[in-house]
Amino acid sequence: MTGNRTFTMIKPDAVEKGYIGAILQKITAAGFKIVAMKYTQLSQRDAETFYAIHKERPFFGELVEFMTRGPIVAAVLEKDNAVEDFRALIGATNPADAAEGTIRKLYASSVAENAVHGSDSDENAGIESNFHFAGREIF
Ligand code: GDP
């Protein structure tokens with residue numbers, strides 16, 4: 001069974017470049033409903049916890065530095081088949097490999113600064129949503 005929610009962040013690079021509106025437009029035009037959203041900034045500890053799965057990767061330090069350098073938009077999105085459909089909408093991790101019309105193809109600049117996050121499984125969508133929105137009525 002596939003779930004109907006996923007979690008996203010508009011990352012610091014895209015916020016800095018003024019792409020929040022354009023990215024939210026793509027998301028809602030693709031049929032996702034925004035069920036929770038906030039403008040915030042990750043602390044070092046937040047970023048290290050959120051990306052703990054990558055802590056052995058050589059780019060972990062760079063990733064934490066990037067994700068904490070400015071504000072982000074965090075949101076929970078709802079749609080049938082949300083996780084898979086949202087990964088298709090954002091495109092490959094490296095924008096050079098992302099399909100035409102995807103959010104990363106349009107708004108990302110590199111594999112590191114790739115504009116948006118999208119959960120990779122229903123389980124992680126739940127964990128990541130709770131990380132940012134624990135205690136909210138919708139959960
Ligand atoms: P995603 O699921 O498509 O976001 O990709 P991953 O789970 O593989 O990586 C998580 C995030 O780490 C990516 O979205 C990038 O922001 C960052 N990242 C991935 N590969 C690299 C890399 O080679 N260098 C750096 N600096 N960051 C990377």
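One-based numbering, in listed order, for ligands and for the atoms of each. We number each residue from 1, following the sequence as shown.
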* Asked: Among all protein non-hydrogen atoms, which one is nearest to atom 2 (O) of ligand 1, and what is the separation to 0.1 Å?
  -> Arg87 NH1, 2.9 Å
* Please test Leu77 against Thr8 for side chain to side chain contact (heavy atoms under 4.5 Å, CB included), starting from the C-alpha separation and ending with a verdict. => CA-CA 7 Å; Leu77 306 174; Thr8 188; 3.7 Å; yes
* Asked: Does ligand 1 have an atom under 4.0 Å from some heavy atom of Glu113?
  -> no
* Asked: In the protein, what heavy atom is nearest to atom 4 (O) of ligand 1, and what distance, to one decimal place, separates them?
  -> Arg104 NH2, 3.2 Å
* What do we get for Met67 next to ligand 1 when only non-hydrogen atoms under 4.0 Å count, side chain, backbone, both or neither? -> neither
* Asked: Would you call His54 a ligand 1 contact, heavy-atom distance under 4.0 Å?
  -> yes
* Who's the nearest protein heavy-atom neighbour of atom 15 (C) of ligand 1, and how far? -> Val111 O, 3.2 Å
* **Distance-only polar pair, side chains of Ser119 and Glu128, donor-acceptor under 3.5 Å** => yes
* Structure fact -> atom 26 (N) of ligand 1: closest protein heavy atom, distance to 0.1 Å, is Glu62 OE1, 2.7 Å
* Asked: Has Glu123 got more than 12 heavy atoms of other residues, nucleotides or ligands less than 6.0 Å from its CD?
  -> no
* Any side-chain heavy atom of Lys17 within less than 4.5 Å of one from Ser109? -> yes
* **Glu65 contact mode with ligand 1 (heavy-atom cut-off under 4.0 Å)** => neither
* Closest non-hydrogen protein atom to atom 8 (O) of ligand 1, residue and atom name please, with distance? -> Arg57 NH2, 4.0 Å
* **Ring-face cation contact, Phe133 with Lys38, 6.0 Å cut, 45° max** => yes
* Could you tell me whether His117 approaches ligand 1 through its side chain, its backbone, both or neither, with non-hydrogen atoms closer than 4.0 Å? => neither
* Asked: For Phe60, is the NZ or CZ atom of Lys55 found under 6.0 angstrom from the centre of its six-membered ring and inside 45 degrees of the ring axis?
  -> no
* To do: Report the relative orientation of the aromatic rings in His117 and Phe50; use parallel for angles under 30°, tilted for 30 to 60°, perpendicular for over 60°.
  => perpendicular
* Could you list which atoms of ligand 1 come closer than 4.0 Å to a heavy atom of Asn114? => 13 (C), 14 (O), 15 (C), 16 (O)
* Asked: Nearest protein heavy-atom contact for atom 17 (C) of ligand 1: which residue, which atom, what distance?
  -> Leu63 CD1, 3.7 Å
* Would you kindly specify which portion of Thr93 sits under 4.0 Å from ligand 1, judged on non-hydrogen atoms: side chain, backbone, both or neither? => both
* Aromatic plane relationship, His54 with Phe59 - under 30° parallel, 30 to 60° tilted, over 60° perpendicular -> tilted
* Asked: Heavy atoms only: which of Phe60, Tyr51, Phe59, Phe66 is nearest to atom 12 (O) of ligand 1?
  -> Phe59
